[in-house]
Amino acid sequence: MNISPEKFVAEKAAEAVKKLYGAEMDPSSFQVQVTRKEFEGDYTLVVFPLLKVSKSGPEATGNAIGSCLKDSCAEIAGYNVVKGFLNISFSVSFWNRLFAGIAAAEDFGQHAPTGRTVMVEYSSPNTNKPLHLGHIRNNLLGWSVSKLLEANGHKVLKVNLVNDRGIHICKSMLAWLRTGNGETPESSGKKGDHLVGDYYVAFNNIYKEEVDRLVAGGMPKEEAEKNAPSLKEAQDMLRRWEQGDKEVVDLWKKMNGWVYEGFDRTYRDLGISFDRTYYESQTYLFGKALVQKGLEMGIFEKEADGSVWCDLTADGLDRKLLLRGDGTSVYMTQDLGTAEQRFSEYNLDEHVYVVGNEQNYHFQVLKLILKKLGFAWADNIYHLSYGMVELPEGKMKSREGTVVDADDLIEKMYSTAKETSLELGKLSDMDADEQERLFHMIGLGALKYFIIKVDPKKTMLFDPKESIDFNGNTGPFIQYTHARIKSILRKAEASGITYGAGELAEDARLSAKEIRIIKMLDQFPARISEAGAAYSPAVIANYAYDLAKEFNQYYHDTPILKEEDNALLKYRLALIGKVAGVLVKAMSILGIDLPERM
């Protein structure tokens, strides 16, 4: 079949309405959905919107249309009406033809090119600390949303904006100058991002001690926090950086270089990459130029101290600082500039920012200011606002050094995967290298799936042990399901059994579970559309779990390789082979690899 069951029902229902009531209706206006499990049927037509043309009650209308469909359409085997819902059951031949089309489609689920170009910005780390669990959720969401939009037919540009300038990196630099004694990643044996992060924590300790001393000397705490010597020195260092002071710039380049090397290793370990990386140090000047433009347009206003503001109180917001009195820029400044640069350079249809929900207000302001500056594309900015990741013991705090480090977590997931796999005792026929690859695949699959399966907008609780369960709604469960299918197919091949889409029997007698699997496979393109519209890879994650669970129930009840009817045996092998293929496609959108054996 070349059309979906929903569209098939809609078209046939439109013909029935014309025949019964003489009314011309657009098939796209019909509401058709998969029949709920508690009712008999395959697809359900919602009858209520048709009452205005039938001029009769919902049950009478449903029965009239159902009877007309059954009499005129060989593909429809039966129907029943529950209030205003017409539940339609398809014939076995219908399902056979539908699966033949699915089996023959090499890139099943991939949507046709749309011609739209979408940029997705994610990661966006600061260079004063290593990546942590919160960054992992950001990176995994950004990567999988990018792959999801590609599956929906869009051209996608994956970009990273590294926040490599500002007071945060100056704090780490100052602490290193004061206490580092020339320490380097090589001399310490630490990854560069970890080393710089240690000095950020060290600065905070120095700062706290200074504030406490000032308060003990009689200064109010709020005043002490603004006048601590270390903070003033860091602020002066930032001013010197913006003025191009060679000593400050050289130290900044050296310490940021350490961080970049560390970030790159973590990205490789996560399987994350970018098409382009921007650096705030290279883009913030674009924003300064826009601020000047806004001043000339009368949109922004300059205070006596030299600071520049945008008054948004008439829009129900507040006054937004765009340039400090000393001329240094803020995050909003550079976001204005990079947005204009990117839309201009790539002629974007949409720009998606993957940023936590604590920045909701920031993006509301960003879009509004861009509109005031006259950029029509401001409405094509989308903030993918996601919830924070919490642990059983509470929230993480970078300044106090209590975050869950990304590198440590990746290593822990690998160790847990190794321990759990060895306990199952099914790896005796694998050599050491293959086992190592499998442990890393399972560990990363568990981490990625556990995070992505949660709707992005929700705050989530991360539990490493729960994520690696081989029996629950987890990545390893889906990985094991794929390995199980591949094992069956290898045994069939070893027995000389061949199968293919062209060999499918058109009159195969299908069980209810087989029809259920075909129905689920057919829903894959629709799930990709649904997930893309919601920017939610969680839709795909949970679809993959439901499909894997359905296969395992089918496998439990159906001795596939013991089937004596050769045509039906080949059909079943083709069916589970397509399940494996769809699982691979679905999980690849999430950045998860599926093993051939485990």
Side-chain angles (χ1 to χ4, degrees), residues 1-105 108 501 504-527 529 550 554 567-568 571 574-575 578:
M1 284 188 65
N2 295 322
I3 63 172
S4 68
E6 292 95 332
K7 190 173 181 181
F8 178 85
V9 170
E11 290 184 355
K12 294 301 180 183
E15 293 174 9
V17 167
K18 182 178 181 181
K19 182 177 181 180
L20 290 168
Y21 310 114
E24 293 273 2
M25 292 189 67
D26 184 346
S28 65
S29 68
F30 286 76
Q31 297 177 33
V32 183
Q33 59 204 28
V34 175
T35 303
R36 288 162 54 180
K37 284 188 175 181
E38 60 265 37
F39 297 109
E40 180 186 352
D42 297 314
Y43 286 84
T44 298
L45 173 67
V46 182
V47 174
F48 294 110
L50 308 177
L51 303 186
K52 58 187 177 184
V53 296
S54 70
K55 308 293 190 219
S56 62
E59 291 196 9
T61 303
N63 278 301
I65 295 174
S67 177
C68 183
L69 290 175
K70 188 175 184 303
D71 291 343
S72 63
C73 187
E75 291 86 353
I76 294 176
Y79 70 93
N80 67 85
V81 178
V82 179
K83 297 182 178 178
F85 301 93
L86 170 60
N87 302 318
I88 296 167
S89 298
F90 286 118
S91 66
V92 172
S93 63
F94 172 90
W95 294 115
N96 282 329
R97 288 202 303 278
L98 180 65
F99 178 62
I102 293 172
F108 180 65
L504 294 176
E506 293 186 4
D507 58 347
R509 38 190 181 81
L510 303 178
S511 68
K513 287 188 179 296
E514 286 160 345
I515 291 174
R516 172 72 180 156
I517 289 175
I518 294 171
K519 194 184 300 185
M520 290 188 72
L521 289 173
D522 178 65
Q523 287 298 305
F524 183 48
R527 293 291 81 78
S529 297
E550 193 70 32
Y554 171 65
L568 185 56
Y571 196 107
L575 180 63
K578 199 63 183 183

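Position 1 is the first residue of the sequence; numbering continues from there.
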> Closest heavy-atom contact between Pro49 and Gln31?
Replying inline: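 Looking at all heavy atoms of both residues, the shortest contact is CG-NE2, 3.6 Å.
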
> Once you round to the nearest 0.5 Å, how far does CG of Leu50 lie from CE of Met25?
Replying inline: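 Atom-to-atom, Leu50:CG and Met25:CE are 5.0 Å apart.
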
> Is a side-chain donor or acceptor of Lys578 paired with a backbone partner of Leu521 at a separation under 3.5 angstrom?
Replying inline: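 No: the side chain of Lys578 does not pair with the backbone of Leu521.
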
> So, for Leu510 and Glu514, which heavy atoms are closest and what is the spacing to 0.1 Å?
Replying inline: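 What the structure gives for the nearest pair is CA-OE1, 3.3 Å.
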
> Can you check whether Glu11 reaches Pro27 side chain to side chain, under 4.5 Å on heavy atoms?
Replying inline: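 In contact.
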
> How close do Ala16 and Leu69 get, heavy atom to heavy atom, and via which atoms?
Replying inline: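 Taking Ala16 first and Leu69 second, the nearest heavy atoms are CB-CD2, 4.2 Å.
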
> What about the rings of Tyr43 and Phe8, do their centers lie closer together than 6.0 Å?
Replying inline: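 No, too far apart.
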
>> Testing the basics here: between Ser54 and Thr61, what is the closest heavy-atom pair and its distance to 0.1 Å?
In response: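 Reported closest heavy-atom pair: OG-OG1, 2.8 Å.
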
> Should the heavy atoms of other residues, nucleotides or ligands under 6.0 Å from CD of Glu40 be counted, would the total exceed 12?
Replying inline: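 Incorrect, the count does not exceed 12.
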
>> Would you compute the distance between atom CG of Leu45 and atom OH of Tyr79 and round it to the nearest 0.5 angstrom?
In response: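 The OH atom of Tyr79 is 13.0 Å from CG of Leu45, to the nearest 0.5 Å.
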
> What are the two closest heavy atoms between Ala74 and Ser91, and how far apart are they?
Replying inline: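 Ala74 and Ser91 have their closest heavy atoms at O-OG, 3.8 Å.
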
> Is any side-chain heavy atom of Glu24 less than 4.5 Å from a side-chain heavy atom of Lys18?
Replying inline: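 A side-chain contact exists here, since the closest heavy-atom pair is under 4.5 Å.
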
> Which pairs count as salt bridge (charged side-chain N to carboxylate O under 4.0 Å, His left out) when at least one residue sits in residues 44-63, sequence neighbours excluded?
Replying inline: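 For residues 44-63, and leaving out neighbouring residues, there are no salt bridge (charged side-chain N to carboxylate O under 4.0 Å, His left out) pairs at all.
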
> With a 4.5 Å limit on heavy-atom distance, are the side chains of Val17 and Phe30 in contact?
Replying inline: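 A side-chain contact under 4.5 Å exists here.
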
> Just how far is it from atom SG of Cys73 to atom CD of Glu15, taken to the nearest 0.5 Å?
Replying inline: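 These two atoms lie 8.5 Å from each other.
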
> Can you tell if the side chain of Leu98 reaches within under 4.5 Å of the side chain of Glu75, non-hydrogen atoms only?
Replying inline: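 Heavy-atom side-chain distance check fails, nothing below 4.5 Å.
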
> Using 30° and 60° as the class limits, which term best fits the ring planes of Trp95 and Phe90: parallel, tilted or perpendicular?
Replying inline: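 Because their plane-to-plane angle is over 60°, the rings of Trp95 and Phe90 count as perpendicular.
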
> When rounded to the nearest 0.5 angstrom, what is the spacing between CD1 in Ile88 and NZ in Lys70?
Replying inline: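 NZ of Lys70 is found 12.5 Å from CD1 of Ile88.
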
>> Can you tell me how far apart CG (Asp42) and OG1 (Thr35) are? Round to the nearest 0.5 Å.
In response: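 Answer rounded to 0.5 Å: 6.0 Å.
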
>> For a quick test of reading the model, state the closest non-hydrogen atom pair linking Ala64 to Leu20 and the distance between them.
In response: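 Between these two residues, the closest heavy atoms are O-CD1, 3.6 Å.
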
>> With a 6.0 Å cut-off on the ring centroids, do Phe99 and Tyr571 count as close?
In response: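 Here the rings of Tyr571 and Phe99 have centres that are less than 6.0 Å from each other.
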
> Is the shortest heavy-atom distance from the side chain of Leu568 to the side chain of Arg509 under 4.5 Å?
Replying inline: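 Yes, close enough: below the 4.5 Å cut-off.
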
>> Quick check for you: to the nearest 0.5 Å, what is the distance between Leu575 atom CG and Ile517 atom CD1?
In response: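 Separation between the atoms: 5.0 Å.
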
> Within a strict 4.5 Å, meaning less than it, do heavy atoms of the Arg527 and Met520 side chains meet?
Replying inline: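 With C-beta onward as the side chain, the pair stays apart.
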
>> With heavy-atom distances below 4.5 Å as the criterion, would you say the side chains of Phe94 and Ile518 are in contact?
In response: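 No, side chains not in contact.
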
> What residue among Val47, Val9, Thr44 forms side chain to side chain contact (heavy atoms under 4.5 Å, CB included) with Leu86?
Replying inline: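 Per the side chain to side chain contact (heavy atoms under 4.5 Å, CB included) rule, the option paired with Leu86 is Val47, out of Val47, Val9, Thr44.
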
